[in-house]
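Each ligand, and each atom within it, is numbered from 1 in the order the structure gives. Numbers here are sequence positions counted from 1. Note: hydrogens, waters and symmetry copies are ignored here, and every other heavy atom, side chains too, is used.
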Amino acid sequence: MKITVIGCGYVGLVTGACLAEAGHEVVCTDKDEARIELLNRGGIPIYELHLDEVVQKNRRENRLTFTTDAGEAVRAGEAVFICVGTPPLENGDADLSAIDSVARLIATEARTPKLVVEKSTVPVQTGRQLRQALAVYGRKSGLAFRVASNPEFLREGTAVEDFLHPDRIVVGVDDEATEKELREIYQPIVEGRFNCPVHDSECPPQGPPEFLVTNINSAELIKHASNSFLALKISYANAVADLCELLGANVQEVTRAMGLDPRIGPKFLGAGLGFGGFCLPKDVQAFIRLAEHAGMDFALLKEVELINKQRIDRFVEKMRTALWVIKGKKVGVLGLAFKANTDDTRFSPSIDLGRRLLAEGAHVAAYDPAAMERARQLLPGISYAGDPYAVAEGVDALVIATDWPEFAALDWEQIHDVMARPLVLDGRNLLDPSAMKQQGFEYHSFGRPE
Ligand code: UDX
């Protein structure tokens with residue numbers, strides 16, 4: 001099928017590239033000219049595993065093109081996927097202005113009827129507004145637009161894998177023709193008819209994904225309900241970690257045992273500095289707000305947010321206890337991205353921590369394998385080092401703020417030698433406390449006996 005993707009951010013690029021890999025003819029558009037120019041030169045504006053290979057292969061095979069001409073792009077597709085940003089406004093509501101202007105664009109530029117698919121994360125009932133906007137702005141052409149919701153469940157760092165090997169594909173529709181069209185679009189993914197760029201060993205065979213058909217409101221709600229539940233699991237694990245600290249238990253032993261119960265599951269029970277990134281914090285906030293608009297106080301999620309906000313405070317207090325005085329101390333920070341395998345620093349707990357340490361009067365040096373460039377813009381007051389060993393040089397404390405696996409594989413003996421004081425504060429429970437102690441470190445983490 002011919003598909004248009006509007007918005008070439010994380011979601012749009014992965015969606016466009018993977019739908020092309022599934023055999024469709026995809027044109028992607030974005031108003032950021034520099035971004036489109038880079039893509040047309042064979043560059044990739046984001047750090048995302050396997051995305052480069054999929055994009056270049058499908059560009060070569062002429063199934064994937066990029067343009068700044070949004071009108072031309074809209075006219076090219078039978079289905080138009082909206083993948084624009086819905087960032088939080090100051091009051092926590094999602095900013096839907098980009099969706100609104102895309103609706104106007106589609107309505108005025110289309111010359112044939114289109115299926116308009118919301119991929120961006122939007123509050124429930126946006127579909128209704130979108131349908132109305134398309135009808136109002138498209139009234140002169142009299143074209144009939146159909147609307148569907150198709151939430152994405154892509155994790156940064158594994159987004160290509162998540163798109164091509166999903167657990168479930170959710171489509172919210174209100175007529176059979178739309179369901180049929182979306183089934184056709186996703187059929188190659190359901191049947192595994194694409195070249196998987198992920199190596200076999202990392203990509204365990206699994207059955208076909210569930211193709212779930214719901215109404216549009218449910219589909220929109222599923223995204224916020226899922227992400228808020230993931231956030232809830234993390235905050236729960238963090239609260240349990242705090243209790244473990246008080247009572248001499250080990251949170252990793254506790255959550256491992258909990259996770260073996262299939263009703264709970266082992267994932268998203270990792271205690272530490274808390275959740276960040278562009279999705280979980282904003283989706284929890286937006287879910288609280290949309291409940292409020294509907295007349296419900298979602299107090300449970302407010303607590304989830306509060307626990308998460310307090311992680312940085314708790315960590316700084318741990319540092320104060322260990323260092324006595326933070327002001328004037330040299331602190332090294334390993335990790336700036338909001339999690340491993342991404343260069344994304346948006347709402348990163350590491351960046352918040354960096355700001356807090358600066359406010360406390362510490363001298364901060366940092367390193368991240370992928371996120372240095374983005375971090376420099378958000379956190380200008382610190383120094384940046386070329387590798388972890390340079391960060392550790394002469395510091396009074398070394399912090400692990402992102403769970404990059406390569407930090408666990410460092411030569412810790414060498415690090416020990418170059419630190420002014422061998423104090424490691426592990427904000428991601430990445431290292432083994434007894435091994436660290438054996439190597440002569442003073443080591444603190446979350447919820448594990450010291
Ligand atoms: C999330 C959802 O997982 C994904 O389905 C959705 O489409 C987009 O939002 P992402 O933002 O890429 O994906 O990050 P995710 O892997 O969910 O991690 C979010 C944050 O939680 C990170 O800061 C991570 O470090 C933290 N986290 C995760 C924990 O603190 N503990 C855990 O056990 C897991």
Side-chain angles (χ1 to χ4, degrees), residues 9-12 14-15 46-49 51 83 85-88 119-122 150-163 165-170 219-220 222-241 251-252 254-256 258-259 264-287 304-305 307-312 314-315 335-353 368 370-371 400-405 407 426-430 445-447:
Y10 280 99
V11 173
V14 173
T15 300
I46 57 173
Y47 177 95
E48 189 60 58
L49 217 59
L51 184 60
C83 301
T86 52
K119 196 88 175 134
S120 305
T121 300
V122 290
N150 171 219
E152 51 84 16
F153 302 103
L154 309 174
R155 292 162 301 171
E156 286 182 23
T158 53
V160 170
E161 191 180 345
D162 290 342
F163 198 101
H165 300 281
D167 309 311
R168 79 281 207 207
I169 296 166
V170 175
E220 289 169 339
I222 286 166
K223 176 62 195 246
H224 277 124
S226 301
N227 273 1
S228 296
F229 189 77
L230 293 173
L232 180 138
K233 276 187 98 175
I234 297 169
S235 279
Y236 186 83
N238 279 326
V240 171
V251 70
Q252 279 177 329
V254 174
T255 51
R256 178 165 149 68
M258 284 170 60
I264 298 174
K267 296 186 179 157
F268 278 68
L269 290 174
L273 280 172
F275 59 83
F278 201 60
C279 288
L280 258 47
K282 101 173 151 70
D283 289 353
V284 171
Q285 215 181 13
F287 209 27
V304 167
E305 258 192 334
I307 291 172
N308 198 51
K309 281 195 181 121
Q310 290 169 343
R311 299 318 287 164
I312 304 282
R314 285 193 63 83
F315 194 71
L336 295 157
F338 81 95
K339 65 172 190 178
N341 300 317
T342 175
D343 65 345
D344 198 344
T345 48
R346 291 176 297 175
F347 300 96
S348 169
S350 325
I351 300 287
D352 282 350
L353 178 65
D368 188 282
I400 297 179
T402 309
D403 55 344
W404 283 99
F407 294 155
D426 183 350
R428 292 291 171 190
N429 286 359
L430 190 71
S445 56
F446 278 110

Q) Which ligand 1 atoms, with their elements, are less than 4.0 angstrom from a heavy-atom of L230? A) 3 (O)
(Q) Checking the N or O distance criterion of under 3.5 Å, is ligand 1 in contact with R155? (A) no
Q. Below 4.0 Å from any atom of ligand 1, is there a heavy atom belonging to G272?
A. no
Q. What protein heavy atom sits nearest atom 12 (O) of ligand 1, and how far away is it?
A. E156 N, 2.6 Å
(Q) Under 3.5 Å between any N/O of D403 and any N/O of ligand 1: does that happen in this structure? (A) no
**Q.** Mode of N227 contact toward ligand 1 - side chain, backbone, both, neither (heavy atoms, under 4.0 Å)
**A.** side chain
Q | Polar contact flag for G270 and ligand 1 (N/O pairs, less than 3.5 Å) | A | yes
Q.
Need the ligand 1 atom indices (1-based, order shown) with element for anything under 4.0 Å from a heavy-atom of G276.
A. 19 (C), 20 (C), 22 (C), 23 (O)
Q: Would you kindly specify which portion of L269 sits under 4.0 Å from ligand 1, judged on non-hydrogen atoms: side chain, backbone, both or neither?
A: backbone
Q: Measure the distance from atom 1 (C) of ligand 1 to every protein heavy atom, then report the residue, atom name and distance (to 0.1 Å) of the closest one.
A: L280 CD1, 3.6 Å
Q: Identify the protein heavy atom lying closest to atom 25 (O) of ligand 1, giving its residue, its atom name and the separation to 0.1 Å.
A: F338 O, 3.4 Å
Q: Test the R311-F446 pair against the cation-pi criterion, namely NZ or CZ under 6.0 angstrom from the six-membered ring centroid and within 45° of the ring axis.
A: yes
Q) Take atom OH in Y47; do more than 12 heavy atoms of anything else shown fall under 6.0 Å from it? A) yes
Q: Going by heavy-atom distance to atom 30 (O) of ligand 1, choose the closest among K339, K282, R428, E152.
A: R428
**Q.** Part of K223 within contact of ligand 1 (heavy atoms, under 4.0 Å)
**A.** side chain
Q: Write out the residue and atom name of the closest protein heavy atom to atom 17 (O) of ligand 1, then the distance separating them to 0.1 Å.
A: F268 CZ, 3.2 Å
Q) For ligand 1, which part of K267 has a heavy atom less than 4.0 Å away: the side chain, the backbone, both, or neither? A) neither
Q.
Please check whether P349 reaches ligand 1 - meaning an N/O of the residue sits under 3.5 Å from an N/O of the ligand, judged on distance alone.
A. no
Q. Identify the closest protein heavy atom to atom 28 (C) of ligand 1: which residue and atom is it, and at what distance?
A. I234 CD1, 3.6 Å
**Q.** Non-hydrogen atoms of H224 and D283 that approach each other most closely
**A.** CD2-O, 3.5 Å
Q | N/O separation below 3.5 Å, G277 to ligand 1 | A | no
Q. Which residue from G427, C279, S348 reaches closest to atom 8 (C) of ligand 1 through any of its heavy atoms?
A. C279
Q.
How far is atom 21 (O) of ligand 1 from the closest protein heavy atom, and which atom is that?
A. F275 CB, 3.3 Å
Q: Examine L154 against ligand 1 and note whether any of their N/O atoms are separated by less than 3.5 Å.
A: yes
